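Before any comments, here is the structure.
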Amino acid sequence: MNNSEVARVFQDIADLLELKGETLFKIRAYQKAVRSIEQLPVGLEQLRQEGKLRQIPGIGEAIEKKIVELLATGRLKYYEDLRSEFPAGIVSLLQVPGVGPKTAMRLSTELGIGSLEELEAAIVDGRVEGLYRLGEKTAENILHHLRSMRTKEQRLPIGTALPLAEEIMIALQERSQIRHLTPAGSLRRFRETIGDIDLMGTADDAETVIEAFTKLAQVREVLAKGSTKASVVTHRDLQVDLRVVEHDAFGSLLQYFTGSKQHNITLRERGQRQGLKLSEYGITTLQNGRLETYATEEGFYNRLGLQLIPPELREGQHEIERAAEHSMPQLVELSDLKGDLHVHTDWSDGHDSIEAMAMAASNLGYQYLAVTDHSRSLGIAHGLNEERLRAQMSEIRRLNERLNNIQILSGIEVDIRADGSLDFPDELLGELDVVIAAIHSSLSQRQDRMTQRVLRAIENPNVDIIAHPTCRLLGQREPIALDLEIIFRAAAQTGMALEINCMPDRLDLRDIHIFRARDLGVRLALGTDAHSTEHLKYMRFGVGIARRGWCEAKHLLNSMPAEELLASLGQQENKRI
DNA sequence: GCCGTTTTCGGCCCGACTGTTTTCAGTCG
């Protein structure tokens with residue numbers, strides 16, 4: 001059983017315990033375990049073997065035992081017994097916003113409802129209103145949520161949500177006197193997918209700001225509108241919430257709405273031990289009941305004896321301990337990067353010329369750009385054969401003589417074939433500055449074969465970077481079956497760099513894998529995989545995800561100046577010979 | 001069920017809204 005399957009079981013257990021009316025604290029314990037397991041950078045099985053399950057936040061004796069049973073047998077007696085106490089399908093009712101455990105139980109026991117379809121029919125028939133504490137309005141509300149669940153898109157990739165949020169923010173700034181406007185929530189934490197957009201700001205006259213917000217061209221429907229906050233739905237079916245607050249309390253409010261939920265809970269537990277009550281309004285000293293407000297998040301964290309924690313790290317794992325020790329990492333910033341290590345040109349399936357790409361990279365302030373077009377196997381991408389690759393290398397030499405502001409590195413994105421061999425002979429690869437190897441075909445191989453395939457590429461001294469290691473496409477294609485722990489250890493040993501692919505629908509490696517790889521000493525490389533000059537801007541997505549993996553500039557090849565980078569790549573080659 | 005700058009037992013995050021009620025349960029973020 002993998003981590004997400006185990007998490008799923010505990011989520012079910014938490015839901016069932018809610019239905020059962022168990023004490024809230026027991027339920028929360030399971031919910032906390034679920035969140036922790038979902039964030040884990042390593043497999044539970046490995047942690048079990050190392051005897052480290054209890055080091056996971058929220059995993060104690062009882063849950064550890066259950067994990068061990070699940071890993072060993074794929075089943076859990078406690079779970080099966082619990083499930084048998086309830087009619088099938090009742091848990092599915094909890095998905096509907098507005099339906100909690102009490103309502104779900106009532107629907108099930110009194111009306112025999114066990115599915116969303118039956119629930120809808122029962123509301124339409126008028127059987128739901130009239131149940132204890134359930135009136136007409138509640139029934140209507142549930143029906144509304146039930147129906148919009150079907151049409152509403154799932155979470156949006158950050159590559160779609162962030163530009164949309166920025167568009168709205170710019171429009172709002174043009175049309176109102178809002179200040180300190182900033183995203184909160186998962187967007188600010190830079191999660192790879194976003195449920196809805198939270199925006200926050202301050203203003204002298206909140207009402208006119210709210211008015212302007214609800215009248216923006218992007219707004220399709222106004223869900224709610226008050227004097228300090230409003231919720232709208234955009235034309236892309238995305239919900240956007242705006243809160244306008246007093247400047248004095250902006251810091252604590254932003255902190256509160258940035259989350260994550262688990263981070264805030266852990267923070268408040270800590271506050272409690274210090275005799276402090278934390279809320280979105282500020283910090284209250286319990287002894288005298290005095291409330292202090294905070295205009296900045298830094299002041300808020302400092303009051304708790306903590307360093308400011310970057311939003312990307314606020315997931316309720318170990319960031320608070322680190323902030324208490326004053327050993328927060330100095331996370332990588334876009335401005336630390338000196339070049340892009342993965343781009344395509346019109347020599348293969350890119351849109352723009354080498355020169356156009358180089359000029360665009362120079363305008364971004366880069367010192368170098370690695371041109372890495374596809375190799376011959378990838379016919380669909382017009383991959384280069386040996387002859388055309390040599391012609392491209394000559395072209396790049398000519399351009400480098402002419403261009404002053406940027407150095408173009410000759411490279412290739414060479415295909416890793418089904419058997420792990422590469423698409424070009426070693427001597428040709430040896431002539432290039434940067435060799436990226438990647439899988440593009442035979443994606444359904446079994447795990448051991450796939451892992452051997454990538455290992456073979458990792459052991460090739462001519463390869464510098466493995467691109468998009470898991471080949472996943474967010475919401476479209478599952479990752480290939482790869483034993484990442486083996487891959488990471490091999491990469492750490494050989495000095496092979498792994499890519500953080502910055503394309504918003506790839507983001508591959510993903511956050512928790514970046515965390516693990518970096519922890520094991522694997523070198524990482526940011527590559528936009530740009531197929532046009534516009535795509536070079538995707539770098540910020542990779543930086544955001546790298547920050548979630550606790551990356552500092554020193555962990556990324558791109559932070560090196562060109563000369564150092566080339567020397568370093570050469571050295572690693574020697575290490576593997 | 002978890003956990004410890006006070007604890008190995010006795011606590012456990014905080015506030016807001018809604019609708020159904022006559023004082024608050026249920027749900028959400």
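As the structure is a computational prediction, the values presented were derived from the model and not from experiment. To find a chain, count down the sequence lines: A is the first, B the second, and so on, and within it residues start at 1.
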Between A:Arg106 and B:dG26, does any side-chain N or O lie under 4.0 Å from OP1 or OP2? yes
Same-atom distance (P) from B:dC17 to B:dC12, integer angstrom: 25 Å
Once you round it to whole Å, what is the distance between P of B:dC14 and CZ of A:Arg28? 10 Å
Can you find a side chain N or O atom of A:Lys66 that sits less than 4.0 Å from OP1 or OP2 on B:dG1? yes
Would you say A:Thr138 places a side-chain N or O within less than 4.0 Å of OP1 or OP2 belonging to B:dT18? no
Whole angstrom value for the distance that separates C1' of B:dC13 from CD of A:Gln255: 12 Å
Separation of atom CZ in A:Arg270 from atom C1' in B:dC12, rounded to whole Å: 17 Å
Assign the ring pair A:Phe10 / A:Tyr30 to parallel, tilted or perpendicular, where the plane angle (0 to 90°) is split at 30° and 60°. tilted
Roughly, in whole Å, what's the span from CZ in A:Arg268 to C1' in B:dG29? 10 Å
Name the nucleic acid region contacted by A:Leu278, choosing base, sugar-phosphate or nothing; use a 4.0 angstrom heavy-atom cut-off, strictly under. sugar-phosphate
For B:dT8, what is the paired nucleotide under Watson-Crick or G-U wobble rules, both distances under 3.5 Å? none
With sugar-phosphate meaning primed atoms plus P, OP1 and OP2, does A:Thr103 contact a base, only sugar-phosphate, or nothing at under 4.0 Å between heavy atoms? sugar-phosphate
Just call it for A:Leu267: base, sugar-phosphate, or nothing, with non-hydrogen atoms closer than 4.0 Å on any strand. nothing
All N/O contacts under 3.5 Å from nucleotides 21-24 of chain B to the protein, with atom names and distances to one decimal?
none

Pairwise P distance for B:dC2 and B:dC13, with rounding to whole Å: 15 Å
Pairwise P distance, B:dA16 and B:dG10 [rounded to whole Å]: 32 Å
Starting from P on B:dC12, measure out to CD on A:Gln262 and report it in whole angstrom. 16 Å
Between B:dG1 and A:Thr23, is there an OP1 or OP2 to side-chain N/O distance shorter than 4.0 Å? no
Does this structure show an ion pair linking A:Glu64 with A:Arg54, if we count only N-O contacts that are shorter than 4.0 Å? yes
A:Asp505 side, atom CG; A:Thr160 side, atom OG1 - distance, nearest 0.5 Å: 8.5 Å
Taking atom P in both B:dG26 and B:dT20, compute the distance separating them and give it to the nearest angstrom. 14 Å
Interatomic distance where CG belongs to A:Leu94 and P belongs to B:dG29 [whole Å]: 14 Å
Checking side-chain contact (heavy atoms from CB on, under 4.5 Å) for the pair A:Leu238/A:Leu164: CA distance, chi angles, key distance, verdict? CA-CA 9 Å; A:Leu238 189 65; A:Leu164 190 58; 3.6 Å; yes
Let me know, please, whether A:Lys102 or A:Ile265 comes out on the 5' side of the other along DNA chain B by nearest nucleotide. A:Ile265
Run the salt-bridge test on A:Glu69 and A:Lys77 with the 4.0 Å N-O cut-off and return the result as yes or no. no
What's A:Glu22 touching, base or sugar-phosphate or nothing? Going by heavy atoms closer than 4.0 Å. nothing
To the nearest 0.5 angstrom, please state how far the CD atom of A:Glu117 sits from the OG atom of A:Ser92. 8.0 Å
Comparing A:Ile27 with A:Pro97, nearest DNA chain B nucleotide closer to 5' gives the residue A:Ile27
What integer number of Å spans the C1' atoms of B:dC9 and B:dG15? 29 Å
Expressed in angstrom and rounded to an integer, what is the separation of A:Leu291 atom CG from B:dG15 atom C1'? 13 Å
Please tell me if A:Gln31 has a side-chain N or O lying less than 4.0 Å from either OP1 or OP2 of B:dG1. no
Classify A:Gln274 by what it touches in the nucleic acid, base, sugar-phosphate, or nothing, heavy-atom distance under 4.0 Å. nothing
Distance check needed: B:dG1 P versus A:Leu82 CG, whole Å only. 11 Å
Measuring to OP1 and OP2 of B:dT7, would you say a side-chain N or O of A:Arg273 lies under 4.0 angstrom away? no
Is a donor-acceptor pair below 3.5 Å formed from side chain A:Tyr256 to base B:dG29, judging by atom type as modelled? yes
Check this for me, if you would: do A:Asp204 and A:Arg179 make a salt bridge, where the nitrogen-to-carboxylate-oxygen distance has to be below 4.0 angstrom? yes
In whole Å, what separates the P atom of B:dT21 from that of B:dT27? 14 Å
Heavy atoms only, 4.0 Å cut-off, all strands: where does A:Phe257 land among base, sugar-phosphate and nothing? nothing
May I ask you to check if A:Arg303 and A:Tyr301 form a cation-pi contact, with NZ or CZ under 6.0 angstrom from the six-membered ring centre and within 45° of the axis? no
Test of understanding: with ring pair (Phe, Tyr, Trp, His ring centres under 6.0 Å), list the residues that count as partners of A:Phe213, not counting sequence neighbours. none
Indicate, with a heavy-atom threshold strictly under 4.0 Å, whether A:Lys32 touches base, sugar-phosphate, or nothing. nothing
